[in-house]
Structures are given as C-alpha cells and as structure tokens.
Protein chains: 2
Amino acid sequence: MAVTLRQVADEAGVSIATVSLVLAGRGDRYRDETCVRVRAAAERLGYRPNASARFMQRGRFGIVGLLNPVDHRLGTLPHGMVEGATRALERHDRYLLLVRLERSRLLEGPVPAVLAERMTDGFLVNLHLRVRAEEEAAVDRLGVPCVWLNHKRGDACVHPDDEGAGRLLAERLLAAGHRRLAWADCSYGDDPDPEHYSALDRRQGFIAACAAAGAPCQVRLTRGWTPAERRVPWALDWLRQGEDRPTAIATGNEDSAVTVATAALSLGLRVGADLALATIHNQPVFAGGRLIPTALVPVEAVGERAVELLLARIDGREDGPAPGPVPFAFDAGAGIAQPG
Amino acid sequence: MAVTLRQVADEAGVSIATVSLVLAGRGDRYRDETCVRVRAAAERLGYRPNASARFMQRGRFGIVGLLNPVDHRLGTLPHGMVEGATRALERHDRYLLLVRLERSRLLEGPVPAVLAERMTDGFLVNLHLRVRAEEEAAVDRLGVPCVWLNHKRGDACVHPDDEGAGRLLAERLLAAGHRRLAWADCSYGDDPDPEHYSALDRRQGFIAACAAAGAPCQVRLTRGWTPAERRVPWALDWLRQGEDRPTAIATGNEDSAVTVATAALSLGLRVGADLALATIHNQPVFAGGRLIPTALVPVEAVGERAVELLLARIDGREDGPAPGPVPFAFDAGAGIAQPG
DNA sequence: CTGAAAGCGCTAACAG
DNA sequence: CTGTTAGCGCTTTCAG
C-alpha cells in the first residue's frame, strides 16, 4: 500500500494537517525544526501525494483528454500536435490523456469509460475528417469544455491556415521568377469532398494567388484517391509533355511531391535545378535527392494554441489565445530553383 | 458544479447508496421501479461518476503514464506503439497519460508533478536512447511498476527482435537467389555507439545470416551520422562501381533505403528490377517508385505487450506475456527482384 | 428491499 | 505554533 499523509504524520510525531501544510510549502507558520522533521519523515518513507484525493478536493483533475479516432488511416496521432499540446499543458501542470475512439461508438455507444465518467477537465477533439453534426452534438453532450482540432467550427476550434499555405507557395515560386506554374495532387486527386478540407483549401489558395499575380496555373489531379503504384506512371505521362511543361510544381502533400520528384528524376530532370518543386508538410520534404521548399504545417502551434484555448475555457478565463487560423512557416530547403 | 450522486439521490427520492448500487449495475436487490426511477433521474440530470472519487476508494487510478523524452529527435512519439498500448489499455478500461520528460530533469529535478505525485498506476518508459544507470535508478525510485520500451533491461522491458529483422532480410534475399549482397547505412553509419542498439543489432543479424549461408556481404557505412544532402552523393560513388555491384542491398532504416533508391534511379537502375532493395521500417517503404520489401518493426505489438506486462505487474498477476524480443513481420511490397 | 454510516487521502477552516 | 474537524464524491458493509 502506498505511503499516506497519516503515516508520515505518525513517523514525524505531528498531525496530518501539519504534514500537509509543510509539504505544500506553506509551513511558514511552523517551527523550522518541525518542518525539517516532517520533510525528513516524508523523504524516509518515500511519500508521494495521492493526486486523486487532491483532485477530489479541488474539483479538478488536472487532466485533459485527447479524443483520437481509430477508424481511419489519417486518424493517427500527429506527433507535433501532441508535442505542442503536452508542452503547453506542462506549463500549467496539467497532463494529456489519450483516448482512442471508434467514431461509430460516439453515436451508438458504448463509449469508453473516460467519456462516460468524469475524469478529465476537458477534451481536445481530433475527429477532424468529415465531421457530422450528430458527432458534434455528441461531443457537446459530454458536458465538459472541448476544443476541436483541424476542424472549422465556430470559435471552439483551432486549425492551420491551409489556404494561406497554398498562397505562400505560389508567392515564393512567383518571387523566384516562375511564370509557368502547376498544382499537382495524386493522393486525394480531384475528390470534391476529400476526407479533409485542407486538400481543397491549399489548392484554392495556390490557384487564387497565381490568378492574382496573372500567372497561368495548370492543375493536375488524379481521379480521386490513387494507390501508390499508379502515381508515378501518372506523373510520368504528364511530365513528358515537353514544351509546355511547367517550370515550377507545387503539391499539397508529401506523397504527391515525392511522386513528382521520382517521375522527374527518371526523366532526367534534376529537381531543384531543371524543375522547381515545392510542397506542404509537417517537416521539410526530402524528394528528388534534396530537401525541397516546404510550407510547414504548424502542428505544434496548433496543439499549443488549442490547449491554451481549452484551459482558458476550463478556468473560465477570457484571456485565451486570439482566434483565427494558425499561419504556416516556410522552409526553403536546398533553395528554390530559378526558371529555365 | 458537476452533478453528484447525492443530487441524483434527492431527485429520485432514494438514498445515495441506492443510486450507487443501481448505477453500478448491482441493483438486483432493488425493486424494478426503484431502478427505473434512479436511472431516469441520473439521465435527466446528466450524471457522470467522478473518477477521482472512485479511484480514491479503490486505491487505483486506472491510468498508466508514458514517459517520453523531449531532448532528442528520436524521442518522438512512436505512433504505432501508442496505438498498440492504448488499444491494450482500453481492453482493461485503463488510459494512457502522456508525460514529456526532459531527461536531465530525471536526475536533477524538478520533475513534472505527475512523477512527484501519485497519479498513475505505473509507467511505460520510453527513454530508450543510451540509457544511463542513474536514469534506471531514478525510474526505479518512482515506486510504481515500470516497463521499459525498446531498451534491454532484465525482464522489465519489451523490445523488437532487431537482430532477427536483419536475419529476416538476408534470408528473403538469399531465397530469391541473390549471392552478392550488401548492407548499407548512411544514416547512423559506422557509429560504434549509435543512439540505439537496434542499428547494430540489425546489421549484425544481416551479416550473420549471410555468413551462415556462405554468401559474401559488402558492408557500406558512412562515417557516423550523415546529413541528408551528403547521402545521395555517397551512394552514387558506391553504386558506380560496376561489375562488383551487389544485386541486392539491404538497409536498416528508411532514410538509407530512400537514399540508395534515389542514387540507383539517377544511375538508370530500376529498383526492384535491376537492383533488389529491402529495408526495415514501421511500414512498407516507398522508394524508387515502388513499395520495397520491408521488415516491419512490430511497434504495435511492442506497445500491446508492454501494457500487458505492466498491468500484470500492477495487478500482481503472474500471467503476463511471455518474455523475449518481439518478432518482425515482413511485407514483400511490390516483390523481391531476382538477381541478374 | 432500502438507508445509515464508515472511510478512501487530502485540504482548509477553525480552535486552541 | 499546532491539532481538530468537516467535508470532497463515492463504495461498501451492516442494520433495519
């Protein structure tokens, strides 16, 4: 059995309250000698406060849950997001509890005990793919503050500025002198209702920025989602076109970038020299033998901001982070190739 | 304020004990009508049990911590491991609490509150890179059951069979008829004390299996860790050698595989046709425009087994999972090229 | 069939 | 300066 306050009190020959106060750092009212004796006893017995007891007292758990879906290949845990979130939580001496959630369960039950019981102060909700209204309602019914990740929903959400990322890439490529641009996607392709809005937003941002600059922009999309083995052939077909070939190609995801790079390479085109290639990803993408310019998804910032927002709500504070999408950073990688 | 048992009791016009028992599903001693009334009241008020109170009572938290280091690029959270761990925990109605840990803090403090207090039933310890004896001691001093991940340490650890993975690749390549084999590593290179033992184990397993089969095996290693931009040139130098070139190359990590593939591609060698390439990674590796044969690191199985082991210790059961390293699976990808 | 009561480990008034 | 006491919300005997 774990060591309790009472055992420390007995060991030190004082009352429980004394031990509690001294160990809580508010022992200024006690004689130095008493404090020393108490701390020694606690040390000797290896005393550790029982968090449950404290939580019960305070009515708070000090724990935030992360609802993460399991049904889907994209439902995997975003490293950086968790890193950002846990870092922010740590600053407030709070912790992150991972909750795998089969999304169908959210509507039909049974839900995991952590949702049925009260064991967190709030939730980060990462069910961001094609969220249904009933799912939103089910989450609202949990009765604790919740913040949605990578999902657009009023002011209770935090997501990256995907449209801005598309614009960012266009601006950089235009600034490098490119006038024949292209946007390629062989992962989601032309799916009009892709799993996540970001695929559309990124593309639209890119196209809009090209249009604003008066530069033509080819858009090359596969028919919907495309399995890995069919991607390089698709890119080859397209890149073989010769004359009309774009001098700069942007993609909205790593897979598409690697595909285009692989195709370019086997056509004898040097990525970063004969062809500028840029993309959007969590981290600088290595494609065609070099790090290519990458708009960096601000996953950590999203995690941090979501936590700050959630904690502000939990604590009933009004000073949460400013609303609005989180901007992307840009990593030039090995540099942007000049046209021609 | 949250709804408590007492409020439900008042609402239903019964005692607290009655509500507790009925809602715990042990209401068989009560009149049906009472049960109905209680459940209706709970529903109406949106009652959710307070987990802290229950934990305090039971002396258990139902929470397992995952100690994860932050100082290191490899300290990132392994998706699959977390997936496996949380899945196993779910089966036991337990949850995973993420704890970022600056390793230096472990020895010099201050440690996060979750380590100073008692708030989990045990820990999965993921500090697997060059673990120092003092760190092991510090973890032992936490006073709760702990299981180490990807670190070899007595019977309180779970790790993949990296040596077996090296052997596995050799066997597959040999079985496909290859006799001129090579092992390449341009990520860790020849570091005699790499961050993680697995780099050595995998290589040794491969070499040993080649030796056992009497097949020659080139070993190509960079000098220690090599930055991304220097890798492809290194591979090019090597692959240009002509005649003596191996027909099959294995690598112990994704980066090395992609590097070799990229170099091969720019030399006009078709990966999977002119050259067999195999590697070891969490998931099938896409390199040289196709999925190459990959020994799959059993991350999920490691997570699951670690949890089962930890829970067995927490509950004082003797029926934990069998000890021993966790075997790798194999994914042939687009198939293994035949030699010549 | 149902309620009263003790107690899990801790905090915070309030006495002394 | 230090101890007593009354809960926090829940489970679990034990009476009635």
Side-chain angles (χ1 to χ4, degrees), chain A residues 1-39 41-42 45-63 93 113 116-121 143-144, chain B residues 1-39 41-42 45-63 93 113 116-121 143-144:
Chain A
M1 199 51 209
V3 181
T4 68
L5 265 191
R6 121 151 275 120
Q7 295 176 50
V8 178
D10 289 350
E11 173 85 8
V14 297
S15 78
I16 293 179
T18 304
V19 179
S20 175
L21 284 172
V22 168
L23 292 185
R26 278 177 296 155
D28 32 330
R29 333 189 310 198
Y30 294 91
R31 289 208 320 266
D32 278 359
E33 195 242 317
T34 307
C35 296
V36 170
R37 230 181 34 241
V38 166
R39 273 191 271 268
L45 298 179
Y47 169 76
R48 280 158 203 277
N50 180 318
S52 274
R54 179 174 303 174
F55 293 163
M56 220 177 61
Q57 237 279 124
R58 288 222 225 287
R60 289 257 176 75
F61 298 89
I63 293 179
D93 254 308
E117 302 195 354
R118 196 172 288 276
M119 125 176 221
T120 67
D121 297 326
V144 284
Chain B
M1 200 49 210
V3 181
T4 69
L5 217 43
R6 124 150 273 120
Q7 296 175 50
V8 178
D10 289 351
E11 173 85 9
V14 297
S15 78
I16 294 180
T18 304
V19 180
S20 175
L21 284 173
V22 168
L23 293 185
R26 277 177 297 154
D28 32 331
R29 333 189 309 197
Y30 294 91
R31 291 207 317 267
D32 277 359
E33 195 242 316
T34 307
C35 295
V36 169
R37 229 178 37 237
V38 165
R39 273 192 269 269
L45 298 179
Y47 169 76
R48 282 159 202 276
N50 180 317
S52 274
R54 179 173 301 174
F55 293 165
M56 221 177 60
Q57 237 278 119
R58 288 219 226 288
R60 289 256 178 75
F61 298 89
I63 294 179
D93 253 309
E117 303 193 354
R118 196 173 287 276
M119 123 177 221
T120 67
D121 297 325
V144 284

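Basis for what follows: all heavy atoms, side chains included, without hydrogens, waters or symmetry-related copies. Throughout, protein chains are lettered first and strands after them, A, B, ... in sequence-line order, and every chain is numbered starting at 1.
At whole-Å resolution of the value, CE in B/M56 and P in D/dT11 are 12 Å apart. For B/R58 and D/dT12, the CZ to C1' distance is 11 Å, given to the nearest whole Å. For A/L21 and C/dC14, the CG to C1' distance is 13 Å, given to the nearest whole Å. Between the C1' atom of C/dG9 and the OH atom of A/Y47 lies a distance of 8 Å, rounded to the nearest Å. At whole-Å resolution of the value, CG in A/L23 and P in C/dC10 are 10 Å apart. Atom CZ of A/R31 is separated from atom P of D/dG3 by 10 Å (rounded to the nearest Å). If you take CG of A/D32 and C1' of D/dT2, they are 15 Å apart, rounded to a whole angstrom. We find that CD of B/Q57 is positioned 15 Å from P of C/dC10, with the value rounded to whole Å.
Contact annotation: B/S20 side-chain N/O to D/dT11 OP1/OP2 distance is under 4.0 Å.
As judged by a 4.0 angstrom heavy-atom cut-off over every strand, B/R26 is placed among residues touching the sugar-phosphate backbone only. B/S52 comes within contact range of no nucleotide atom at all, as no heavy-atom separation falls under 4.0 Å. If you check every strand for non-hydrogen atoms under 4.0 Å, B/R54 touches sugar and phosphate atoms only.
Closest of all the heavy-atom pairs between A/M119 and B/A51 is CB-CB, 3.3 Å. Residues A/R39 and A/L23 approach most closely at CG-CD2, 4.1 Å, considering heavy atoms.
Nearest-nucleotide assignment on DNA chain C puts the 5′-proximal partner with B/T18, out of B/A53 and B/T18.
You'll find the side chain of B/R37 reaches within 4.5 Å of the side chain of B/V14, heavy atoms only. Inter-residue side-chain proximity for B/L45 and B/E11 is flagged as met; some heavy-atom pair is nearer than 4.5 Å. Using a 4.5 Å heavy-atom cutoff, the side chains of B/T34 and B/T18 are in contact.
The side chain of A/T34 approaches D/dT2 more closely than any other nucleotide in the set C/dC1, D/dT2, D/dC10. Comparing C/dG9, D/dC14, D/dG9 against the side chain of B/R29 picks out D/dC14 as the nearest.
Listed by residue number, A/V14, A/S15, A/A17 are the residues of residues 9-17 of chain A with a heavy-atom contact under 4.0 Å to DNA chain D.
Sequence neighbours left out, not one pair with a member in residues 17-29 of chain B passes salt bridge (Lys or Arg N to Asp or Glu O under 4.0 Å).
Looking only at distances, a side-chain donor or acceptor of B/D121 sits under 3.5 Å from a matching main-chain atom of B/F61.
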